[in-house]
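One structure is given below, encoded as structure tokens.
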2 protein chains.
Amino acid sequence: MSTQPPLLQIDLSAGIPAYRQIVDAVRAHLVNGALQPGDLLPPVRQLAMDLGVHFNTVADAYRVLAEEGWLDLKRRRGAMVLERGAPPPADPARGELFARRLRELVAEVQAAGVSAPQIIRELRTLATGLEK
Amino acid sequence: MSTQPPLLQIDLSAGIPAYRQIVDAVRAHLVNGALQPGDLLPPVRQLAMDLGVHFNTVADAYRVLAEEGWLDLKRRRGAMVLERGAPPPADPARGELFARRLRELVAEVQAAGVSAPQIIRELRTLATGLEK
DNA sequence: TTTAATGTACATGTACAGTATACAAACGAG
DNA sequence: CTCGTTTGTATACTGTACATGTACATTAAA
């Protein structure tokens, strides 16, 4: 009997709002395909129990994702992953902003003592994973 | 007469607190060496004007960086960049957390329409920049 | 038809972000 | 030496966002 990896983890002591951590984590699974159209997400109350937050906090997160076009929410049936066409190409400024946030994130963990080689490894691993 | 690139930019409409954006942006410059020990940062009132926030917001950001050991704040003289030894090696869990946040950040911009090739390029560029 | 499982709505408490305003310290001009 | 100006500091106030508590609406199944 294997304890399978939890669908998602959040860090309540991280200073980042819980509902946004949930949004970010679920969206990552949606983008990388771990969650497919037709899949059902756990009911808000169940996921809330798992994460240690109130179910309305999860409901808020689901609503954000629904507004982004990822989920269809229906009472009694739950939260279902939708088909979602490719997004419109982003404004070029968006890419610059990404680069900046990326640098800032790396600086933050570097300042916190994560080694440069490990950071480099994570960056390259992720890049390689994206190019297939 | 050249308009030199501003020391830092923030996005007031981004939903991320202004003071934290300032902290992140300045810290990035500290980590990558654009700000060296002995350098002076702009006075809180001046930087606040440039960014369009209240000077106490900048002062808060400076204080966070001072508590992290980056800055020495003194009245009348201003905010001076300190010498700062290498941080203690981080807990291994820290690296895992970094990987997660990285994936989430990439998913976010990917969902917003930034192309995979561009993301890959930014990741690799940053990785290469770190290994020297 | 009833019941139970689900998402929704809204009110409330609390913490945080940003601001306004007054203050304290330190350096320079004279 | 004194005074004024430039700097960061302290504190109170306001609005908003986050998380929760509780009641409700909807819908599928028994």
Side-chain angles (χ1 to χ4, degrees), chain A residues 7-27 30 35 38-82 104 108, chain B residues 7-27 30 35 38-82 104 108:
Chain A
L7 174 62
L8 60 118
Q9 301 173 11
I10 65 174
D11 176 1
L12 293 179
S13 68
I16 302 165
Y19 87 95
R20 197 177 305 183
Q21 293 188 54
I22 298 169
V23 169
D24 290 343
V26 173
R27 188 172 40 221
L30 290 162
L35 286 170
D39 287 353
L40 286 177
L41 272 66
V44 292
R45 283 163 237 261
Q46 179 187 318
L47 183 53
M49 283 282 293
D50 293 351
L51 300 177
V53 297
H54 194 271
F55 69 82
N56 271 340
T57 299
V58 176
D60 285 347
Y62 279 11
R63 218 158 327 185
V64 170
L65 291 164
E67 274 161 23
E68 290 183 7
W70 291 109
L71 300 182
D72 181 61
L73 304 179
K74 271 210 177 46
R75 296 175 211 234
R76 175 76 198 197
R77 192 211 50 201
M80 193 177 67
V81 177
L82 290 177
E104 290 173 357
E108 178 186 329
Chain B
L7 174 63
L8 60 117
Q9 302 173 12
I10 65 174
D11 177 2
L12 292 179
S13 68
I16 301 166
Y19 87 95
R20 196 177 304 182
Q21 293 188 54
I22 297 170
V23 169
D24 290 343
V26 173
R27 188 171 40 222
L30 290 162
L35 286 170
D39 288 353
L40 286 176
L41 273 65
V44 291
R45 286 165 175 83
Q46 180 187 319
L47 183 53
M49 283 282 293
D50 293 351
L51 299 177
V53 298
H54 195 271
F55 70 82
N56 271 339
T57 299
V58 175
D60 285 347
Y62 279 11
R63 218 158 329 188
V64 170
L65 291 164
E67 273 160 23
E68 290 182 7
W70 291 109
L71 299 183
D72 180 61
L73 304 179
K74 272 210 177 44
R75 296 175 211 235
R76 176 76 198 197
R77 193 211 47 202
M80 194 177 67
V81 177
L82 290 176
E104 290 173 358
E108 179 186 329

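Throughout, protein chains are lettered first and strands after them, A, B, ... in sequence-line order, and every chain is numbered starting at 1.
The rotation axes computed at either terminus of the helix from C/dT1-D/dA30 to C/dG30-D/dC1 lie 10° apart, taking five pairs at each end and rounding to 10 degrees.
For the pair B/I16 CD1 and D/dA17 C1', the computed distance is 15 Å after rounding to whole Å. If you take CG of A/L73 and P of D/dT27, they are 14 Å apart, rounded to a whole angstrom. In this structure, B/Q46 atom CD and D/dT7 atom P are separated by 8 Å, rounded to whole Å. For the pair A/L71 CG and C/dT6 C1', the computed distance is 15 Å after rounding to whole Å. The CG atom of A/L40 sits 13 Å away from the C1' atom of C/dA5 (whole-angstrom rounding). Atom P of nucleotide C/dG18 and atom CZ of B/R45 are separated by 18 Å, given to the nearest angstrom. Computed from coordinates, the A/Y19 OH to D/dT16 P distance equals 15 Å when rounded to whole Å. The CZ-C1' distance, from B/R76 to C/dC23, rounds to 16 Å in whole Å.
Applying the salt bridge (Lys or Arg N to Asp or Glu O under 4.0 Å) test to pairs two or more places apart or on separate chains, none has a residue in residues 8-20 of chain B.
Minimum interatomic distance between A/L82 and A/G69 (heavy atoms only, all atoms of both residues): CD1-O, 3.9 Å. Across every non-hydrogen atom of A/P42 and A/L47, the tightest pair is CB-CB, 4.2 Å. In terms of heavy-atom proximity, B/I16 sits nearest to B/Q21 at O-NE2, 2.8 Å. Closest approach of B/A18 to B/L12, counting heavy atoms only: CB-CD2, 4.0 Å. In plain terms, the two heavy atoms of B/L71 and B/A79 that are nearest each other are CD1-CB, 4.4 Å.
A heavy-atom distance below 4.5 Å is not found between the side chains of A/W70 and A/V26. A/V53 is listed as a side-chain neighbour of A/I10, based on a closest heavy-atom distance under 4.5 Å. Counting heavy atoms from C-beta on, the side chains of B/R27 and A/E108 come closer than 4.5 Å.
For B/R75 against C/dA26, a side-chain-to-base donor-acceptor contact under 3.5 Å is absent. Judged by distance alone, with hydrogens and angles left aside, A/R77 brings no side-chain donor or acceptor close enough to the base of D/dT27 to form a pair under 3.5 Å.
For B/G15 and B/L41, each mapped to the nucleotide of DNA chain D holding its nearest heavy atom, the one lying further toward the 5' end belongs to B/L41.
Interface residues of residues 54-67 of chain B facing DNA chain C, ordered by number: B/H54, B/F55, B/N56, B/T57; criterion, heavy-atom separation under 4.0 Å.
Ranking C/dA17, C/dT8, D/dC18 by closeness to the A/P17 side chain, first place goes to D/dC18.
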